[in-house]
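Sequential numbering from 1 along the given sequence is applied to the chain's residues.
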Amino acid sequence: MQNRVTLRDVCREAGVSKATISHVLNNKPGVGIETRKRILEIIRRMGYKPRPAARHLSLARTETLACVFEDLTPGWLLSIYRGILSKAAEMKYHVITALSVWEGDQFELPTNVLGTASVDGLLWLDPRTTPDIIRRFKQEQHMPFIVLQGHLDDPDITTISIEDARGAYLAVKHLIETGRRKLMLITGQEDNYDSQQKLLGSRQALSEAGLSIAPEYIVNGHHVDDYAIRAVDAFMKAGHKLPDAIFAFNDNMALAVMRWLMDRGIRVPEDVAIVGFDGIDDARRSGLTTVETPMRELGMLAVQTLIELIHTPSAERKAQHIMMGGTLAVRKSTTG
């Protein structure tokens with residue numbers, strides 16, 4: 001009696017992994033057309049018939065994704081998260097979320113999530129995470145993951161980010177075109193890559209207009225509304241002349257400073273024009289000119305890209321570095 005052909009026999013004959021065979025049997029993406037045809041011909045020729053139970057186990061997937069965030073308080077992060085949930089539901093995937101709870105868990109948090117939860121892949125958004133941490137994580141984990149708003153030149157790690165420098169350039173150029181000449185920039189942390197890129201784009205727009213900015217007119221708001229107000233208050237108490245325009249590196253800081261100025265009788269935009277960055281809902285309701293970024297679309301694209309990676313054999317995965325641009329939404333905080 002002839003022995004039953006096993007999955008291992010097919011793998012040996014085709015020279016591919018069990019996962020690749022499973023992709024073909026279940027009509028999943030991630031296998032090239034010619035490879036798929038060759039495997040199907042081998043299966044037909046060898047008379048391989050998968051057992052239902054073994055076929056299910058071979059997939060070894062949970063249809064669950066993990067998301068790791070430092071925080072979800074800022075409006076732009078919530079927009080990304082809504083996009084993640086929307087696309088995951090559309091593609092019949094579950095999502096579990098982990099938030100940072102203590103300083104210094106940039107590496108431990110995603111590692112612990114993958115160690116304790118049954119997931120197929122990871123979406124990772126933590127501005128504190130360095131390229132070294134990400135590379136160390138890649139070496140220790142053998143699961144598809146995507147870094148959101150992360151910037152590293154690694155051919156094996158997929159990243160999806162907003163084009164911050166271009167957005168900041170548009171914001172500052174708009175202020176200059178409305179006749180403003182004495183600008184203030186409210187930045188994020190000095191070591192934050194997003195903030196560095198926005199500063200770069202701002203300086204480019206100023207340079208093209210033949211303008212410069214004094215160091216004291218660049219204040220650190222840490223991307224937090226309260227910090228931004230304290231920075232502007234300290235600037236004013238130091239006796240510096242009021243700028244005629246402010247570009248804050250996110251909407252939360254821009255809105256907080258706008259309210260703080262108006263409470264003190266400083267008119268917006270007559271005395272000071274203000275531009276933010278992100279495009280959160282409160283910006284639209286408050287009439288804030290801002291660089292609207294496709295945060296929800298970023299979350300949706302991240303899920304779709306991660307699921308494609310999950311269904312692609314590890315040897316055939318190719319990293320992508322995707323940049324998404326923003327658009328300037330002009331409102332009354334700069335035009336009256």
Is NZ or CZ of Lys138 both nearer than 6.0 Å to the six-membered ring centre of Phe145 and within 45° of the ring axis? no
Does NZ or CZ of Arg166 lie under 6.0 Å from the centre of the six-membered ring of Tyr169, at an angle within 45° of the ring axis? no
Give the minimum heavy-atom separation between Glu163 and Met323, together with the two atoms involved. CA-CE, 3.6 Å
To the nearest 0.5 Å, what is the distance between OH (Tyr48) and CG (Leu40)? 12.5 Å
Hey, do the aromatic rings of Trp124 and Phe69 have their centres closer than 6.0 Å? no
Is a salt bridge present between Glu292 and Arg284, judged by a nitrogen-to-oxygen distance below 4.0 Å? no
Tell me whether Asp282 is salt-bridged to Arg285, with the criterion being a basic N under 4.0 Å from an acidic carboxylate O. yes
Set of ring-ring contact (aromatic ring centres under 6.0 Å, His included) partners for His174, sequence neighbours left out: none
Evaluate side chain to side chain donor-acceptor pair (under 3.5 Å) for Asn220 paired with Glu190, printing each intermediate quantity in order. CA-CA 8 Å; Asn220 191 340; Glu190 292 182 0; 4.8 Å; no
Can Lys87 and Glu90 be counted as an ion pair, charged N to O under 4.0 angstrom? yes
From CG (Leu148) to CG (Leu123), nearest 0.5 Å: 5.5 Å
Check this for me, if you would: do Arg136 and Asp132 make a salt bridge, where the nitrogen-to-carboxylate-oxygen distance has to be below 4.0 angstrom? no
So Tyr227 and His222, would you call those rings parallel, tilted or perpendicular, with 30° and 60° as cut-offs? tilted
Closest heavy-atom pair and its distance - Asp120, Tyr93: OD2-CE2, 3.8 Å
Using a 3.5 Å distance criterion without hydrogens, assess whether the side chain of Lys198 forms a donor-acceptor pair with backbone atoms of Phe249. yes
Scan the side chains in residues 294-306 for donor-acceptor partners under 3.5 Å anywhere in the protein, sequence neighbours excluded, and list what turns up.
unit_1, atom_1, unit_2, atom_2, d
Arg296, NH2, Ser86, OG, 3.3
Thr305, OG1, Leu301, O, 2.8

Spacing of CZ belonging to Arg267 relative to CE belonging to Met262, to within rounding of 0.5 Å: 11.0 Å
For Ala283 and Thr290, work out which heavy atoms get closest and say how close. CB-CG2, 4.2 Å
Note: Glu308 and Thr312 closest approach over all heavy atoms is O-OG1, 2.7 Å
Return yes if some donor-acceptor pair links the side-chain N/O of Asp9 with the main-chain N/O of Thr6 below 3.5 Å, else return no. yes
Is the backbone N or O of Val330 less than 3.5 Å from a side-chain atom of Thr289, with the two atoms forming a donor-acceptor pair by type? no
If every non-hydrogen atom of Ile280 is compared with every non-hydrogen atom of Trp76, which pair is closest and at what distance? CG2-N, 3.7 Å
